[in-house]
Amino acid sequence: MSVPVLIACGFGINSDEELAEAFRRAGAEPSRVHLTDLLSEPGMLARFRILAFPGGFSFGDHLGSGVVLANLLRRRLRPEIEAFLADGGLALGICNGFQVLAKTGILTNLGGDWEREITLVHNEKPGYLDDWIRVRVEPECPCVWTRGLSTLDLPVRHGEGRFAARDPGILEELERERLVALRYEGRNPNGSANAIAGVCDRTGRVLGLMPHPEAFLEPENHPDRRRRPPRDTGLAIFRNAVAGA
Amino acid sequence: MRIEIFYADPGLDGRGGGVSDRLSRALGRDLRARLVDVILSDRPISREVAEEALSDPVVQRVTLDEPAAARIPGWSALVEVAWRPGVTDTLAITAREALEICGGPSESESAALRTARQYLLFGDAGRPEAERAARLLHNPLIQEARILTAGDWAAGLRAPASYPGVSVHDRPDWETFDLASFSDPDLEALSRDRLLALTLPEMRALKEHFGDPRTVEARRAAGLPAGATDVELEMVAQTWSEHCKHKIFNAEISYTETDPAGRPAGPPETIRSLFKTFIRGLTEELAPSKDFLRSVFTDNAGVVQFRPGWALCVKAETHNSPSALDPYGGAITGIVGVNRDILGTGMGAKPIFNTDVLCFAPPDTPEGEVPEGLLHPREVLEGVHKGIVDGGNQSGIPTVAGALLFDESFLGKPLVFCGTGGILPDTVNGKPAWEKTVRPGDLAVMLGGRIGKDGIHGATFSSLALDEGSPASAVQIGDPIIQRRMTDFLLEARDRGLYAGITDNGAGGLSSSLGEMAQSSGGVRIDLDACPLKYPGLSPWEILVSESQERMSLAVPPDRIPEFLDLAARRGVEATVVGEFTGSGNAEIRSGGRTAGLLSLDFLHDGLPPLRLSARWSPAALRSDFLPDREDWTETLYRILAEPNVASKEPWVREFDHEVQGRSIEKPFTGVRRDAPSDGAVLKPRYDDWAGITVTHGICPRLSDHDAGLMAACAVDEAFRAHIALGGDPDRAAALDNFCWPDPVPSPGNPDAERKLAQLVRACRGLADACRTYGLPLVSGKDSMKNDAVAEGRRISVRPTLLVTLAGFVQDVRKVPSTDFPGPGLLVYLLGRTEGALGLSILERVEGARFGSPPGIDPAAALPLYRALAHGISGRLVVSCHDLSDGGLAVAAAECCLGGRVGADLRLDALPGAPDAEPSRLLFSESPSRFLVSVREEDRERFERSFSGLPHRLLGTTTAEARLRFRRADREVLSAGLEDLEGAYKTPIAGRRYP
């Protein structure tokens with residue numbers, strides 16, 4: 001049976017088309033749903049198995065990345081999202097989507113009450129950056145999305161990707177519970193604490209990451225496509241999700 | 001009340017870090033900055049709402065009516081920058097929405113929300129340093145800055161509790177001018193005083209039209225007074241502006257050539273219209289053999305179709321004058337503006353890529369050489385760059401290709417070319433998607449942002465030279481997010497068939513957009529009272545011509561209007577019916593419940609008297625200094641690599657998102673460390689198809705010193721050869737022409753206008769000739785003809801510049817080579833003939849000398865080579881391919897080696913075209929139509945066979961040793977280690993480093 005995926009779009013979200021293509025190639029059945037439609041009919045979320053927030057600049061990120069969209073979700077969709085996750089739904093936030101999940105408190109939700117524990121701030125070296133980096137997948141992380149993967153080459157494209165925790169205790173807890181799913185290997189492009197590129201919640205079913213697996217669906221997307229196409233593309237992450245949905 | 005937001009931990013204030021770097025670089029001392037965002041509201045907001053809505057509580061702190069500066073110890077000065085009244089304040093727009101979501105004051109309750117930004121400066125900063133910092137941190141045209149030193153603070157001075165808004169007056173009514181009583185000087189004064197930018201013959205034509213008995217009668221019947229209203233004058237001025245009507249390109253030109261002694265070199269030649277003769281004429285000539293042309297020169301962009309299922313729209317614009325005044329706002333508005341052109345092409349296309357070609361004066365220009373009233377080129381570069389970063393990235397459109405050029409002639413006006421490509425489906429509602437028909441009875445709908453005083457007179461202003469009195473209202477700041485929402489809505493409305501026609505609101509505002517669409521239906525009535533305004537107090541004419549951003553104009557059939565308006569409301573996009581298309585033959589403007597203007601479309605669009613100009617050409621004699629004679633050219637290569645035109649642009653380009661939408665194949669940088677330049681971009685428009693498109697550019701302004709005809713031909717060649725180097729199909733490519741010229745119309749301050757016009761004639765001819773040979777149709781273009789600045793009594797004019805932007809087809813993106821040598825042991829070939837001339841080369845720039853004439857060009861000889869190369873690439877015989885451009889063979893070889901991190905051992909003997917030339921010429925000549933390719937040893941025979949009879953030469957092989965060597969007759973003339981090459985190539989431009 002095909003896995004239905006809700007991909008949020010509108011309000012300055014940009015990467016919804018390629019994210020839909022990623023899920024399609026992984027065998028799922030993606031629908032791009034404008035947030036205004038989701039807000040007017042929140043019950044539709046129950047029809048999906050995966051909820052995905054793509055990259056972009058929701059509300060321009062003028063007040064800090066993801067802040068406004070996060071508040072919209074907290075204020076208007078929280079019961080539906082909680083029910084969706086309690087029912088075993090998977091959720092993904094990429095780049096701006098990760099910023100949104102962090103700022104709603106859905107990630108990392110250690111306290112269980114959507115309290116805001118982590119965030120993503122302006123890069124340590126100021127400015128936007130589009131470059132390819134390598135991430136290491138943490139083998140002991142319970143994340144469903146990254147199961148069985150080792151390293152991945154992926155593009156990063158952000159100005160606000162520096163992972164920070166509210167206090168050192170949160171960071172320790174994330175590490176202790178193995179909730180860091182992806183870590184920058186070699187170069188840390190934004191100065192993230194502990195080189196964190198992506199984290200999941202305790203269920204392993206909600207993943208937020210700064211790099212863009214949906215922009216690497218075939219070896220030809222890789223900047224060194226002619227020399228050494230890597231073993232895994234970003235597609236592996238979506239295949240995992242479809243298998244685990 | 002005053003809400004302030006700041007980072008608790010200064011180490012996490014990344015924006016502050018960026019400002020610190022910039023200030024320290026510019027002021028030459030260590031200054032650190034911390035940022036405080038300031039939001040001012042005229043309604044109370046609770047702490048809970050402010051913290052939730054406006055901050056990131058994990059890392060930020062919020063103060064309410066209490067200065068954050070009081071909580072942050074140790075700063076020595078404070079600069080607060082606020083927007084001037086009426087300037088687009090995007091943060092305020094978002095903050096209003098954010099507050100509403102969190103239960104704060106709603107839009108209807110919150111009359112005024114303003115934002116400012118505070119910079120707390122740490123380090124040795126007194127008032128003088130703070131003043132210098134403030135100059136860098138704000139643009140006085142659109143912002144105001146206040147400075148408080150620590151001493152001021154101790155004395156109790158504080159930032160203001162509020163800033164004044166736009167002062168609102170009663171709505172002014174329209175005025176009437178009794179043109180019949182106007183003498184010629186009166187007419188000229190009227191044009192000047194109202195910034196109409198119309199010439200005396202044009203003003204006379206206006207006077208005559210309004211005196212025509214038929215006009216008089218029609219106007220009387222409509223209840224209008226005798227004479228012309230300001231609404232009418234402004235509408236005509238916008239429509240007739242150089243920007244909209246391309247008067248110079250449509251002028252009748254008498255062209256003569258003289259020899260160096262000034263004697264006529266032939267009979268004078270009359271050219272009826274440069275556009276019709278050379279540009280449209282060329283495309284019409286090629287059209288029978290180019291079955292992919294769908295819509296050329298008629299719509300907002302050219303439309304071509306390389307593949308069933310989708311069509312490609314391409315367009316490039318310039319935004320030079322606004323970028324000279326406000327680099328950030330000018331550039332961002334340029335980007336989102338050309339995006340709207342694509343959105344308004346056919347039934348509306350989805351933008352899939354942006355391009356940016358930027359020309360500035362050198363960033364190291366001494367301060368003293370920048371005349372009063374002009375910004376330093378470093379500031380222009382920084383601001384334009386930031387505008388493109390925000391404009392492109394936030395819109396979710398990848399910036400895939402472009403160039404950054406430096407030349408002293410761009411000190412007066414920078415050239416900011418913004419291009420966009422978009423995808424149209426084959427059909428919309430069963431009709432070709434590139435066609436649109438507006439019918440009488442369709443409603444005129446304005447979509448997107450509201451109308452304010454921003455951007456009034458943009459079209460007429462860009463038709464004038466820049467001087468100290470240039471109006472601030474000509475500056476606008478685009479908001480990509482508002483436009484992004486509008487784009488999402490439009491593509492949805494398009495696919496539901498909710499509108500019949502669409503165009504963008506660019507230069508000239510509603511006047512131009514509805515005026516143009518009215519030509520399809522045969523008339524329009526515009527009701528200015530219905531237009532949504534940002535604030536009251538706009539004159540009727542201002543509403544009509546305002547260029548406030550993020551607006552589109554549509555024609556919506558009455559039976560679709562309920563669904564259209566409902567969908568717009570749901571998507572949070574403002575849509576308003578502002579009139580109706582008619583078949584009356586007129587543009588009728590209504591204001592205050594009565595008619596305020598009535599213009600026949602015939603007069604409006606065809607009443608412009610043709611311009612007559614003369615052009616006079618004589619060949620330029622270029623100085624020729626002695627060519628340096630050196631044993632070793634290694635150091636020279638380092639200096640060339642470090643020259644800003646050649647040096648790596650990576651620190652600048654990496655800030656552009658070039659991969660969003662997931663279509664990227666060939667990226668701006670390539671090679672094992674992704675740091676060698678590509679020849680252009682390759683994208684895959686469809687996720688389910690291996691077919692691709694190339695996006696390349698050609699621009700060679702220096703060559704205009706010799707002959708603008710050569711300049712134009714070389715620009716065509718550069719774009720076309722890059723297309724070939726990327727594996728493009730030689731028979732399927734289309735090009736855009738963007739001319740940026742110094743004013744070719746004579747005036748007392750512009751004595752050599754005839755020569756500038758002659759250069760334009762020659763450029764058009766050079767363009768058409770090269771395109772004809774290559775079979776490259778022109779599908780859209782634009783001209784900007786007043787790229788002069790007058791400052792301190794000095795006229796600074798740009799070198800005549802043609803940008804050629806090419807979009808072409810690639811059968812299979814998997815075969816696209818890149819520029820870097822893939823490994824050691826490969827054969828390296830030079831393809832094409834070398835002409836040893838060094839005039840107008842980069843070598844001249846680094847030597848501070850002139851070496852006479854530049855190399856010539858022969859497209860007819862180059863084409864068979866291009867075809868053979870295209871064949872070699874599609875047959876996978878060629879494993880890497882780099883075209884030769886600035887810096888010639890030596891630079892290309894250095895880039896290929898750097899990309900692959902391999903060396904090369906190359907010989908300069910018996911190069912085709914210049915078998916006996918000196919090494920300096922062989923290394924650094926910028927002869928066009930050449931490539932450096934690498935080939936596997938086992939393919940040698942096949943490769944050489946496929947190039948038999950064509951100019952090619954095996955230079956040597958790639959090596960495992962990290963060194964590039966050139967030998968001439970067994971003597972080493974250049975030997976450069978890769979690390980040294982990298983060091984030179986990565987010389988920072990304007991102090992910016994990567995990573």
Side-chain angles (χ1 to χ4, degrees), chain A residues 9-15 17-18 21-22 34 36-37 40 55-57 59-64 67-68 71-72 75-76 102-103 116-119 121-132 155 157 159-160 162 164-166 187 189 212 214-217 220-221 223-227, chain B residues 7 12-15 17-18 21 52-60 90-91 93-95 97-98 101-103 389 393-396 479-481 484-485 488 492 570-572 654-665 667 669-672 674 684 687 813-814 817-818 822-823 879 995:
Chain A
C9 67
F11 292 130
I13 289 173
N14 285 332
S15 296
E17 263 193 35
E18 59 267 42
E21 175 65 14
H34 201 286
T36 55
D37 288 342
S40 64
F57 284 81
F59 293 92
D61 285 354
H62 296 132
L63 287 162
V67 168
V68 183
N71 283 331
L72 197 61
R75 290 266 180 173
R76 308 265 305 269
K103 287 168 192 193
R116 283 172 274 197
E117 296 159 336
I118 60 163
T119 189
V121 298
H122 290 274
N123 297 351
E124 187 173 28
K125 183 187 182 304
Y128 195 93
L129 175 71
D130 179 338
D131 202 353
W132 282 62
R157 309 192 312 249
E160 295 180 54
R162 185 181 185 188
R166 194 177 61 205
R187 174 166 162 238
H212 287 273
E214 83 288 4
F216 184 25
L217 299 183
E220 279 69 20
N221 295 130
D224 207 9
R225 61 194 159 81
R226 293 165 52 245
R227 205 169 276 106
Chain B
Y7 282 87
L12 293 179
D13 181 6
R15 290 176 305 168
D21 292 354
E52 181 185 0
L54 306 175
S55 82
D56 178 350
V58 174
V59 287
Q60 288 181 322
T90 49
L91 180 55
I93 295 167
T94 307
E97 226 167 342
I101 289 169
C102 296
V389 169
N393 295 2
Q394 294 184 12
S395 301
D479 183 346
I481 297 307
R484 173 74 215 188
R485 289 192 200 189
D488 289 344
E492 201 178 343
R570 270 199 288 146
R571 297 296 178 243
R654 289 254 176 235
E655 288 200 32
F656 304 146
D657 187 333
H658 54 262
E659 295 179 278
V660 62
Q661 300 190 13
R663 299 184 157 90
S664 159
I665 300 295
K667 302 172 201 296
F669 298 98
T670 179
V672 284
R674 307 173 310 285
K684 207 160 83 65
Y687 298 123
V813 298
R814 289 169 294 187
S818 61
V879 293

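Each chain gets a letter, A, B and so on, in the order the sequences are listed, and its residues count up from 1. The shown structure was predicted, so the numbers you read here are calculated from the model rather than taken from an experiment.
In this structure, chain B has no heavy atom under 4.5 Å from any part of L217(A). Of the atoms belonging to Y7(B), it is side-chain heavy atoms, and not backbone ones, that fall under 4.5 Å from chain A. Both the backbone and the side chain of D37(A) come within less than 4.5 Å of a heavy atom in chain B. Proximity to chain A is absent for every atom of D13(B), based on heavy atoms less than 4.5 angstrom apart. For R570(B), the parts sitting under 4.5 Å from any heavy atom of chain A are the backbone and the side chain alike. Residue contact with chain B, scored on non-hydrogen atoms closer than 4.5 Å, involves the backbone and the side chain of R116(A) alike. For a residue to count as touching a neighbouring chain, one of its non-hydrogen atoms must lie under 4.5 Å from one of that chain's; by this rule S664(B) touches chain A with the backbone only. Heavy atoms closer than 4.5 Å to chain A are found in the side chain of R674(B), but not in its backbone. Of the atoms belonging to N221(A), heavy atoms from both backbone and side chain fall under 4.5 Å from chain B. Only the backbone of E117(A) comes within contact range of chain B, with at least one heavy atom under 4.5 Å from a heavy atom of that chain. A22(A) does not touch chain B: none of its heavy atoms, backbone or side chain, sits under 4.5 Å away. Both the backbone and the side chain of V660(B) have a heavy atom closer than 4.5 Å to some heavy atom of chain A.
Under a 4.0 Å N-O distance rule, the pair E21(A)/R663(B) does not qualify as a salt bridge. A salt bridge between E220(A) and K684(B) is absent, with no side-chain N of the basic residue lying under 4.0 Å from a carboxylate O of the acidic one. The pair D56(B)-R166(A) fails the salt-bridge criterion, with no side-chain N (NZ, NE, NH1 or NH2) lying under 4.0 Å from an Asp/Glu carboxylate O.
Contact count versus chain B (heavy atoms, under 4.5 Å) is highest, among E214(A), R162(A), H212(A), for R162(A). Comparing G823(B), P817(B), G103(B) by how many heavy-atom pairs each has under 4.5 Å with chain A, the most go to P817(B). The candidate from V389(B), T90(B), T670(B) with the greatest count of non-hydrogen atom pairs under 4.5 Å with chain A is T90(B). Interface check for chain B: of the options V121(A), V68(A), T36(A), N71(A), the most heavy-atom pairs under 4.5 Å are formed by N71(A). Chain A forms the most heavy-atom pairs under 4.5 Å with one residue out of V879(B), V813(B), N393(B), D479(B), and that residue is N393(B). In terms of heavy-atom pairs under 4.5 Å with chain A, the best-connected choice from P480(B), G572(B), G671(B) is G671(B).
When all heavy atoms of V58(B) and A165(A) are compared, the closest pair comes out as CG1-C, 4.2 Å. P126(A) approaches G17(B) most closely through the heavy-atom pair CG-C, 3.7 Å. The two residues A53(B) and V67(A) have their closest heavy-atom pair at O-CG1, 3.7 Å. Taking both residues in full, the closest heavy atoms of A98(B) and L63(A) are given as CB-CD1, 3.5 Å, listed atom of the first, atom of the second, then distance.
Going from atom CD1 of I101(B) over to atom CG of L72(A) covers 4.5 Å, rounded to the nearest 0.5 Å. From F216(A), atom CZ reaches atom CD of E659(B) across 10.5 Å, with rounding to the nearest 0.5 Å. Considering CG of D657(B) and OH of Y128(A), their distance stands at 3.5 Å, rounded to 0.5 Å. Taken to the nearest 0.5 Å, the CD atom of E655(B) stands 12.0 Å off from the CG atom of D131(A). Rounded to the nearest 0.5 Å, atoms CZ (R225(A)) and CD1 (I665(B)) are 7.0 Å apart.
In this structure, the side chain of D130(A) engages the main chain of H658(B) through a donor-acceptor pair within 3.5 Å. Checked by atom type and distance alone, the side chain of K103(A) never pairs as donor or acceptor with a backbone atom of P57(B) at under 3.5 Å. R484(B) places no side-chain N or O within donor-acceptor distance of the main-chain N or O of G12(A), the cut-off being under 3.5 Å. Side chain of R227(A) to backbone of P822(B): a donor-acceptor contact under 3.5 angstrom is found. A donor-acceptor contact shorter than 3.5 Å is absent between the side chain of N14(A) and the backbone of Q661(B).
Contact of the Q60(B) side chain with the T119(A) side chain is not registered, since no non-hydrogen atoms from C-beta on lie closer than 4.5 Å.
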